[in-house]
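So the structure is just underneath, and the comments pick up after that.
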Amino acid sequence: MAARVHIEKLKLTGFRNYANLSLTLDERHVVLTGDNGAGKTNLMEAVSLLTPGRGMRRAPYGDLIRSGPRPDPGAGTEPATGFSIFASLEGMAGATDIGTGVDGGEEGGSRRVRINGAPARTTDELLDHLRLLWLTPAMDGLFTGSAGDRRRFLDRLVLSVDPAHGGRALNYERAMRSRNRLLSEGRADPAWLDGLEAQMAELGVAMAMARNEVVSLLSDLIESHAGHSVFPAATVRLEGFLEDEALASASDMEAAFAQMLESGRRRDAAAGRTLSGPHRSDLIVHHRAKAMPAALSSTGEQKALLIGIVLGHAQLVRAMTGHAPILLLDEIAAHLDEGRRAALFDLIEALDCQAFMTGTDVSMFASLGSRGQIFLVADGQVTPHVDAAAG
Ligand SMILES: Nc1ncnc2c1ncn2[C@@H]1O[C@H](COP(=O)(O)OP(=O)(O)O)[C@@H](O)[C@H]1O
Ligand SMILES: [Mg+2]
């Protein structure tokens, strides 16, 4: 079996409440404990920027730049204008150094990524080295919230097994924006629109097929565990785009979607947006044993369903790439009783991943035992937790 993908060193400069942090880790799970506001989630957010996108809070980069009091007020230093994150990891392609950050004034811009010292062409190259999945308290409302949030969640799952998915989605959005603009300006040059719609059809169908593939694999995997896990099995399916054509060939689906776009021009022009396409599909989740929509399940059941989906997907990533993803499980322990917590720790250990977990109280991680390395986070400082009882 391949070595466990894990972060060995993490250095943050000017990131959120961290002026300077240098953390050395081994391959075990990383537990971050500390009071509210200490910087536990900030540290995980930094790790989440080792994958394409804006990280697990989707914050503008300007928000990530450290503000507030300087470490040495007497030094008269300038306020920070950027942040940097550096990680050494045992990655999917062996030992790798990743650096990322922004220099400031780049709120809407992109962040720089260097891999083993060389600039990456796109952030997608990060996916050659590690895959990441996260579960945060902000995702608690996923099933009751907007379809857009569920699509984004799904697209993250797809991206972690299919690195080309992000680029396809981006190019699809770009073509769609151009089409919307042309329609809104009333410059309905048919040849131009045909071209954009052909692009949308090709990219959109590729996106939909990639999503379908992942949903179907994930669904089979969850099904194979149903009934044996403390986390309830979910049924997952996609809705809202070319469902009836889902079994047709790609070219038939492209033709159907292109046709749909062409005949919808007038309607879309009036609406000011494109009303049908994969950008409107939704991930429909049910509690399998109860045959109940996830949105109608209890808060605790929803959390447990989500944990089941993420762990199932992590297994899928491992089966497809040979390496388990790094998991970021923010405030995970708070929602689970002792038995479920122990089961979760056993599951992540069996996955052979490095999981980062946070909690206010170290006692929540007792059943993790020596499978974890425990740190205390306070005021942007991270120190190994010393177990008083063991001393
Ligand atoms: N850009 C920033 N500069 C300095 N501090 C920040 C910045 N962004 C957030 N913070 C601080 O980080 C703290 C929150 O840290 P967080 O990691 O969410 O805490 P927790 O340990 O509860 O997860 C807050 O006190 C907030 O004021
Ligand atoms: Mg937090």
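Whatever order the structure lists them in is the order used to number ligands and atoms, beginning at 1. Just so you know, these numbers use all the heavy atoms, side chains as well, and skip hydrogens, waters and symmetry mates. Bear in mind the structure is a predicted one, so any value in this text is a computation, not a measurement. Along the sequence shown, the residues carry numbers beginning at 1.
Contacts between D35 and ligand 1, counted as non-hydrogen atom pairs separated by less than 4.0 Å, involve the backbone only. Proximity of D63 to ligand 1, defined as any heavy-atom pair under 4.0 Å, is confined to the backbone N, CA, C and O atoms.
For atom 18 (O) of ligand 1, the candidate residues are R57, R66, M44; the nearest heavy-atom contact is made by R57.
Q315 and H225 share a side-chain donor-acceptor pair at under 3.5 Å. Inspection of the T100 and R112 side chains reveals no N or O donor paired with an N or O acceptor under 3.5 Å. For the 3.5 Å distance criterion, the side chains of S160 and H313 qualify, holding a donor opposite an acceptor. There is no side-chain donor-acceptor pair under 3.5 Å between T51 and R131. A side-chain donor from one of N171 and R174 sits under 3.5 Å from a side-chain acceptor of the other. Remark: the E349 side chain and the H29 side chain contain an N/O donor-acceptor pair separated by less than 3.5 Å.
Considering only non-hydrogen protein atoms, atom 3 (N) of ligand 1 sits nearest to S67 N, 2.9 Å. Looking from atom 23 (O) of ligand 1 to the surrounding protein, the closest heavy atom is T41 OG1, 2.7 Å. The protein heavy atom nearest to atom 12 (O) of ligand 1 is N42 ND2, 3.0 Å. Taking atom 7 (C) of ligand 1 as the reference point, the nearest protein heavy-atom neighbour is R16 CA, 3.7 Å. Considering only non-hydrogen protein atoms, atom 24 (C) of ligand 1 sits nearest to G37 O, 4.2 Å.
Q259 contributes no side-chain N or O that, together with a main-chain N or O of A256, makes up a donor-acceptor pair within less than 3.5 Å.
Remark: ligand 1 and L43 share no N or O pair separated by less than 3.5 Å (distance only, no angle test). Close N/O approach between G39 and ligand 1 is found [any backbone or side-chain N/O within under 3.5 Å]. The distance criterion of under 3.5 Å between nitrogen or oxygen atoms is not met by N36 with respect to ligand 1.
Heavy-atom separations between G34 and ligand 1 are all 4.0 Å or longer. Within the structure, ligand 1 has I65 among the residues with a heavy atom less than 4.0 angstrom away.
For the pairing with E45, the salt bridge (Lys or Arg N to Asp or Glu O under 4.0 Å) check across R57, R54, R58 returns one residue only, R57.
Protein heavy atoms are absent from the space less than 4.0 angstrom from atom 26 (C) of ligand 1.
Using bins of under 30°, 30° to 60° and over 60° for the plane-to-plane angle, the ring pair F257/F241 lands in the perpendicular bin.
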### Task
Show the numbers, then the answer: is there a ring pair (Phe, Tyr, Trp, His ring centres under 6.0 Å) between H279 and Y172?
CA-CA 9 Å; H279 60 286; Y172 173 85; 5.7 Å; yes
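Close approach to A38 involves these atoms of ligand 1, each under 4.0 Å from a residue heavy atom: 19 (O), 20 (P), 21 (O).
Within the 2.8 Å limit, T41 places at least one N, O or S atom next to the Mg ion (ligand 2).
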